[in-house]
Amino acid sequence: MSEEHRETGTGWPQPAEPGRPSGPAGEPDPRPDAPDPDELSPLAPVEPAAPEQEDVPEPAEEPGASAAGARPAPASRRLTSAGAMIAVLLALLGFTLVVQLKTTSTDPTLAATREEDLVRISSDLDSRERRLRQDIEALEESQRQLRSGEQGRQAALEEATRRADELGILAGTLPAVGPGLSVRFEGPQKAIEAERILDAVQELRGAGAEAMQIAGADGTAVRIIASTYFVDAPGGGLVVDGRRLSGPYVISVIGDPATLRTALNIPGGVVASVEEAGGNVTPVDSEAVEVSQLHAPIKLEHARPVS
């Protein structure tokens with residue numbers, strides 16, 4: 001084997017490459033501008049190297065640059081965000097509906113009940129509702145009756161109280177006050193004897209006197225009622241219901257003053273008869289005549305109320 005075969009390692013002589021000078025294998029081309037033998041290939045053409053470009057630094061972004069100059073997001077990205085928001089809202093709506101359906105779901109006990117039992121339960125509920133409505137109506141009617149009865153009892157009580165007060169005044173068991181007259185009788189004993197005092201009381205009662213009392217000179221007073229009597233006392237004076245009075249006398253009477261005065265001054269009446277006997281009658285009007293003397297209640301022995 002020759003020296004050339006040993007250097008190529010193949011044992012075979014290599015053909016000479018075009019453009020490459022012949023000579024001993026592995027020796028470089030002595031020309032200074034000769035290309036590198038390794039870059040020359042008969043299979044791929046040699047491309048000229050691209051000229052080197054100098055690295056130009058990118059302009060730095062200014063700190064105060066406005067975001068308005070940023071490029072707008074693509075339309076596809078905006079549509080994707082809107083779709084995501086709609087999906088979230090739909091999910092919330094679905095969750096709400098599910099919760100509501102679970103909340104308003106029927107009782108599992110009723111759901112498992114037969115149709116006949118449900119009908120019976122509905123009928124029982126209707127019957128119970130009717131009974132409750134009837135009870136309510138009955139209670140309302142009772143309430144109306146109680147109110148009506150209470151008003152009636154209250155009115156009856158007020159009427160009874162008023163009537164009792166009137167009877168107490170007429171019976172002399174209650175004091176009274178009101179407009180009326182104070183009638184003063186004075187003169188000799190013959191002028192103011194019991195007969196003329198009784199006539200004066202009868203005239204006043206007939207004129208509408210509601211309460212009366214007579215007082216003597218010493219202030220002793222006697223309540224005049226329907227059963228009061230007048231008797232001439234021995235030695236002068238009067239005995240009224242068992243009590244002795246001396247003149248002059250003052251009769252306090254409650255009623256209409258004008259009517260009472262007219263009754264006393266009728267021709268031939270009390271005033272005229274007393275004056276003929278030498279006495280004097282002086283009526284004085286008053287807006288607040290007091291009849292404070294009380295008469296002991298009369299104990300009935302024979303009379304009974306008619307039932």
Side-chain angles (χ1 to χ4, degrees), residues 154-189 191-232 237-298:
Q154 184 66 25
L157 180 60
E158 292 176 357
E159 179 63 20
T161 302
R162 184 186 65 81
R163 185 62 177 165
D165 292 341
E166 292 179 355
L167 293 176
I169 293 174
L170 292 175
T173 58
L174 292 176
V177 62
L181 295 177
S182 293
V183 185
R184 182 180 179 85
F185 294 84
E186 54 187 353
Q189 178 64 27
I192 51 174
E193 59 185 2
E195 181 179 1
R196 289 190 172 86
I197 299 298
L198 180 60
D199 289 342
V201 169
Q202 296 293 354
E203 292 290 346
L204 292 171
R205 184 176 288 129
E210 297 176 355
M212 288 183 288
Q213 70 181 22
I214 185 171
D218 58 355
T220 302
V222 178
R223 184 70 172 266
I224 299 174
I225 60 174
S227 61
T228 300
Y229 62 90
F230 298 87
V231 178
D232 291 326
L238 296 176
V239 175
V240 182
D241 277 351
R243 303 186 67 176
R244 185 164 182 165
L245 304 178
S246 60
Y249 311 109
V250 176
I251 297 178
S252 300
V253 52
I254 296 175
D256 180 46
T259 304
L260 296 175
R261 185 184 300 104
T262 300
L264 292 174
N265 289 300
I266 59 175
V270 174
V271 173
S273 63
V274 171
E275 289 177 350
E276 287 178 0
N280 188 24
V281 179
T282 308
V284 178
D285 294 2
S286 176
E287 291 295 329
V289 176
E290 282 192 36
V291 178
S292 57
Q293 192 65 29
L294 301 181
H295 193 283
I298 300 175

Visitor: According to salt bridge (charged side-chain N to carboxylate O under 4.0 Å, His left out), who are the partners of Glu166, at least two apart in sequence or on a separate chain?
Guide: Arg162, Arg163

Visitor: Who are the salt bridge (charged side-chain N to carboxylate O under 4.0 Å, His left out) partners of Arg196, not counting sequence neighbours?
Guide: Glu193

Visitor: Show the nearest heavy-atom pair for residues Ala207 and Ala263, with the distance to one decimal.
Guide: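 Here Ala207 and Ala263 meet closest at CB-CB, 3.5 Å.
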
Visitor: Identify every side-chain donor-acceptor pair in residues 174-186 under 3.5 Å, counting partners at least two apart or on other chains, and give the distances.
Guide:
{"from": "Arg184", "atom 1": "NE", "to": "Glu186", "atom 2": "OE1", "distance (Å)": "3.4"}

Visitor: Checking Ala194 now: which residues fulfil side-chain contact (heavy atoms from CB on, under 4.5 Å) with it, not counting sequence neighbours?
Guide: Phe230, Asp232, Leu238

Visitor: Quick one: do Met212 and Val291 satisfy side-chain contact (heavy atoms from CB on, under 4.5 Å)? Show the steps, please.
Guide: CA-CA 6 Å; Met212 288 183 288; Val291 178; 6.0 Å; no

Visitor: What's the shortest heavy-atom distance between Val271 and Leu264, and which atoms?
Guide: CG2-O, 3.1 Å

Visitor: Quick one: side-chain hydrogen bond (donor to acceptor under 3.5 Å, both in side chains) partners of Thr259, sequence neighbours excluded?
Guide: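 With sequence neighbours excluded, Thr259 shows a side-chain hydrogen bond (donor to acceptor under 3.5 Å, both in side chains) to Asp256, given in chain and number order.
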
Visitor: If we only count heavy atoms from C-beta on, is the Val281 to Glu275 side-chain gap below 4.5 Å?
Guide: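 Val281 vs Glu275: side chains apart.
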
Visitor: Tabulate below the donor-acceptor pairs under 3.5 Å that side-chain atoms of residues 197-206 make, not counting sequence neighbours, or state none.
Guide:
{"from": "Arg205", "atom 1": "NH2", "to": "Ile225", "atom 2": "O", "distance (Å)": "3.3"}

Visitor: Got a sec, which pairs hit side-chain hydrogen bond (donor to acceptor under 3.5 Å, both in side chains) with one end in residues 245-254, sequence neighbours left out?
Guide: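 For residues 245-254: none.
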
Visitor: Starting at NE2 of His295, measure out to OG1 of Thr228 and round the result to the nearest 0.5 Å.
Guide: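 These two atoms lie 5.0 Å from each other.
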
Visitor: Quick one: are Val240 and Tyr229 in side-chain contact, heavy atoms under 4.5 Å?
Guide: no

Visitor: With a cut-off of 3.5 Å and sequence neighbours excluded, list every side-chain donor-acceptor pair involving residues 214-221.
Guide:
{"from": "Asp218", "atom 1": "OD1", "to": "Thr220", "atom 2": "N", "distance (Å)": "3.2"}
{"from": "Asp218", "atom 1": "OD1", "to": "Thr220", "atom 2": "OG1", "distance (Å)": "3.2"}
{"from": "Asp218", "atom 1": "OD2", "to": "Thr220", "atom 2": "OG1", "distance (Å)": "3.3"}

Visitor: Who pairs with Glu276 by side-chain hydrogen bond (donor to acceptor under 3.5 Å, both in side chains), at least two apart in sequence or on another chain?
Guide: none

Visitor: Looking at Gln213, is its backbone amide N or carbonyl O close enough to the side chain of Gln293 to form a donor-acceptor pair, meaning the two atoms are under 3.5 Å apart?
Guide: no

